[in-house]
K.L.:
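Sharing a structure with you now.
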Amino acid sequence: MNKKELEKIKEKALKENIPIIMDDTLEVMEKYLITKKPQRILEIGTAVGYSAICFTEFLAEDGMIDTIERDIERVKEAKENIKRVGVEEKIHIYEGDAVEILPTLDEKYDVVFIDAAKGKYPFFLKESMRMLKSDGIIFADNILYKGYVMSDYNKHKQRTAVRNLREYIKEVSENPNLETEILEVGDGLAISKMKFS
Ligand code: SAH
Ligand code: MG
């Protein structure tokens with residue numbers, strides 16, 4: 001892949017305040033991806049393709065990433081970026097709302113990366129679990145949402161998001177099939193591994 005182009009994509013996204021994955025979050029994920037060598041990754045929330053492009057490095061040979069984005073302008077830019085970096089064979093973008101697209105998918109994924117509407121995280125979890133391989137991992141970004149999720153202040157305008165992020169944490173923690181860690185890297189990262197049973 002063309003790393004120089006990737007760096008340019010990152011700089012532009014940061015300048016335009018597009019919420020791309022933070023460096024420390026990516027670093028943690030990379031540790032898992034290196035050993036996992038996933039065949040298939042599902043990403044919910046493409047934005048301009050930055051994280052998906054980064055993940056391609058860790059795919060198994062012939063591995064693929066499916067990623068979902070509802071913002072048409074971002075889809076357009078993501079496609080251009082993916083071409084520029086030269087990874088268009090490895091990334092497929094589903095254009096539309098993940099709430100509608102996920103129920104139509106029926107694949108098996110080694111890794112899911114949830115990074116879209118925070119109010120929908122419990123739904124994204126349910127759909128991800130349905131498609132997760134028995135040794136799969138689900139990552140959820142922004143799980144601590146600027147610290148709101150762990151604070152008792154819940155009157156701000158983001159309370160629906162906060163409620164749903166808390167619900168997500170509760171569900172992954174209580175699910176006997178999952179082993180979950182919540183890390184304070186970046187904006188908070190939940191890592192849930194499917195337990196072998
Ligand atoms: N994963 C990207 C950043 C994603 S930002 C990266 O790290 O590079 C979150 C994106 O999710 C935004 O572009 C937003 O438009 C998209 N999004 C939010 N809710 C969505 C939904 N319900 N369906 C599809 N895309 C959604
Ligand atoms: Mg994010």
Side-chain angles (χ1 to χ4, degrees), residues 1 3 5-30 32-33 38 41-59 65-85 87 90-105 109 111-128 131 137-149 158 160-162 164-165 167-169 182-191:
M1 91 157 78
K3 287 262 165 92
E5 288 298 331
L6 181 61
E7 201 53 38
K8 283 190 213 160
I9 291 162
K10 180 184 179 183
E11 294 307 320
K12 180 167 185 281
L14 289 173
K15 208 159 68 197
E16 294 175 359
N17 288 318
I18 293 164
I20 58 169
I21 190 167
M22 292 167 89
D23 289 339
D24 50 355
T25 308
L26 185 61
E27 225 171 86
V28 170
M29 287 185 66
E30 284 177 354
Y32 288 84
L33 297 177
I41 299 178
L42 172 65
E43 176 181 73
I44 308 171
T46 319
V48 295
Y50 177 72
S51 53
I53 293 169
C54 292
F55 298 155
T56 60
E57 264 207 282
F58 304 96
L59 286 171
I65 301 173
D66 289 333
T67 181
I68 310 174
E69 175 57 55
R70 68 177 172 194
D71 181 317
I72 301 168
E73 286 305 311
R74 288 192 176 167
V75 169
K76 204 171 142 238
E77 194 170 336
K79 283 183 177 167
E80 288 165 9
N81 288 340
I82 289 162
K83 253 211 174 111
R84 270 168 59 200
V85 177
V87 291
K90 295 175 191 284
I91 302 176
H92 176 255
I93 304 180
Y94 287 98
E95 308 181 28
D97 196 315
V99 173
E100 282 154 34
I101 289 171
L102 284 167
T104 70
L105 303 184
Y109 294 98
V111 170
V112 180
F113 180 46
I114 300 175
D115 192 19
K118 298 173 187 73
K120 297 284 156 38
Y121 271 35
F123 177 76
F124 295 157
L125 175 66
K126 197 178 78 186
E127 287 297 303
S128 302
M131 294 187 279
I137 308 182
I138 302 174
F139 296 91
D141 193 25
N142 308 95
I143 199 71
L144 298 177
Y145 197 12
K146 300 174 183 166
Y148 298 150
V149 170
Q158 310 298 359
T160 306
V162 169
N164 282 288
L165 292 172
E167 177 64 26
Y168 182 97
I169 292 172
I182 310 286
L183 303 184
E184 282 181 42
V185 288
D187 196 25
L189 180 69
I191 306 172

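Note that ligands are numbered from 1 as they come in the structure, with each ligand's atoms numbered from 1 the same way. For the single chain, residues carry numbers from 1 onward in sequence order.
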K.L.:
Taking all non-hydrogen atoms of both residues into account, name the closest pair between L183 and L144 and its distance.
P.N.:
O-CD1, 4.0 Å
K.L.:
Which atoms form the tightest heavy-atom contact between T56 and V87, and what is the distance?
P.N.:
OG1-CG1, 3.7 Å
K.L.:
Who gets closest to atom 21 (C) of ligand 1 by heavy atom: D97, I101, I72?
P.N.:
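Among D97, I101, I72, the closest heavy atom to atom 21 (C) of ligand 1 comes from D97.
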K.L.:
Is a side-chain N or O of S128 found less than 3.5 angstrom from the main chain of F124, in a donor-acceptor match?
P.N.:
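Yes.
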K.L.:
Ignoring hydrogens, what is the shortest heavy-atom contact between Y168 and I138? Give both atom names and the distance.
P.N.:
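Nearest heavy atoms, Y168 then I138: OH-CG2, 3.5 Å.
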K.L.:
N/O of G45 under 3.5 Å from N/O of ligand 1, yes or no?
P.N.:
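Min N/O separation from ligand 1 is below 3.5 Å for G45.
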K.L.:
What is the closest protein heavy atom to atom 23 (N) of ligand 1, and at what distance does it sit?
P.N.:
A98 N, 2.8 Å
K.L.:
Ignoring hydrogens, what is the shortest heavy-atom contact between A161 and K118? Give both atom names and the distance.
P.N.:
CB-CB, 3.8 Å
K.L.:
Minimum heavy-atom separation for I143 and A190, please, with both atom names.
P.N.:
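Taking every non-hydrogen atom into account, CG2-N, 3.7 Å.
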K.L.:
Report, in ascending order of atom number, the atoms of ligand 1 lying under 4.0 Å from any heavy atom of P19.
P.N.:
3 (C), 5 (S)
K.L.:
Could you tell me the residue and atom name of the protein heavy atom closest to atom 9 (C) of ligand 1, and the distance to it rounded to 0.1 Å?
P.N.:
D115 O, 3.1 Å
K.L.:
Can you tell me which residue and heavy atom of the protein come closest to atom 12 (C) of ligand 1, and the distance to 0.1 Å?
P.N.:
R74 NH1, 3.3 Å
K.L.:
Which protein heavy atom lies closest to atom 7 (O) of ligand 1, and at what distance to 0.1 Å?
P.N.:
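Of the protein heavy atoms, I21 N, 2.8 Å lies nearest.
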K.L.:
When you measure from atom 8 (O) of ligand 1 to every protein heavy atom, which one gives the shortest distance, and what is it?
P.N.:
S51 N, 3.0 Å
K.L.:
Closer than 4.0 Å to some heavy atom of G96 - which atoms of ligand 1 meet that?
P.N.:
23 (N), 24 (C)
K.L.:
Under a 4.0 angstrom heavy-atom cut-off, which atoms of ligand 1 come close to I20?
P.N.:
6 (C), 7 (O), 8 (O)
K.L.:
Going by the order shown, which atoms of ligand 1 are within less than 4.0 Å of some heavy atom of Y50?
P.N.:
8 (O)
K.L.:
Going by distance only, is there an N or O of G49 that falls short of 3.5 Å from an N or O of ligand 1?
P.N.:
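Between G49 and ligand 1 (N or O atoms, distance only) the closest approach is not under 3.5 Å.
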K.L.:
Hey, is CD on E184 packed in by over 12 heavy atoms from elsewhere, all under 6.0 Å?
P.N.:
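No - once you tally the heavy atoms of other residues, nucleotides and ligands closer than 6.0 Å, there are 12 at most.
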K.L.:
Hey, are E43 and T67 close enough side-chain-wise for a donor-acceptor pair under 3.5 Å?
P.N.:
yes
K.L.:
Among K120, E69, E77, E95, which residue places a heavy atom closest to atom 14 (C) of ligand 1?
P.N.:
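Checking each option, the heavy atom nearest atom 14 (C) of ligand 1 is found in E69.
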K.L.:
Under 4.0 Å between a side-chain nitrogen and a carboxylate oxygen: does that hold for R70 and E95?
P.N.:
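No.
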K.L.:
Could you check whether any heavy atom of C54 sits closer than 4.0 Å to an atom of ligand 1, since that is the contact criterion I want to use?
P.N.:
no
K.L.:
Check for me whether T46 has a heavy atom closer than 4.0 Å to any atom of ligand 1.
P.N.:
yes
K.L.:
Salt bridge or not between E5 and R84? Use side-chain N to carboxylate O under 4.0 Å.
P.N.:
yes
K.L.:
So Y145 and Y148, would you call those rings parallel, tilted or perpendicular, with 30° and 60° as cut-offs?
P.N.:
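Ring orientation of Y145 relative to Y148: perpendicular.
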K.L.:
Would the distance check show the side chain of D187 and the main-chain N or O of K146 forming a donor-acceptor pair, the cut-off being under 3.5 Å?
P.N.:
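Yes, because the side chain of D187 sits within donor-acceptor range (under 3.5 Å) of the backbone of K146.
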K.L.:
So which protein heavy atom does atom 17 (N) of ligand 1 come closest to, and at what separation?
P.N.:
A116 CB, 3.7 Å
K.L.:
Checking a contact table here: which protein heavy atom is nearest atom 25 (N) of ligand 1, and how many Å away?
P.N.:
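Atom 25 (N) of ligand 1 sits closest to the protein heavy atom R70 N, 3.3 Å.
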K.L.:
Can you name the closest pair of heavy atoms from E167 and P122 and give their distance?
P.N.:
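Heavy-atom minimum between the residues: CG-CG, 3.8 Å.
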K.L.:
So T160 and N164, do their side chains get closer than 4.5 Å, heavy atoms only?
P.N.:
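A side-chain contact exists here, since the closest heavy-atom pair is under 4.5 Å.
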K.L.:
Look at atom 18 (C) of ligand 1 and say which protein heavy atom is nearest, naming residue and atom and giving the distance to 0.1 Å.
P.N.:
A117 N, 3.4 Å
K.L.:
Restricting to distances shorter than 2.8 Å, give the number of protein N, O or S atoms close to the Mg ion (ligand 2).
P.N.:
3
K.L.:
Answer yes or no: is there a donor N or O on one side and an acceptor on the other, between the side chain of E69 and the main chain of D71, under 3.5 Å?
P.N.:
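Present.
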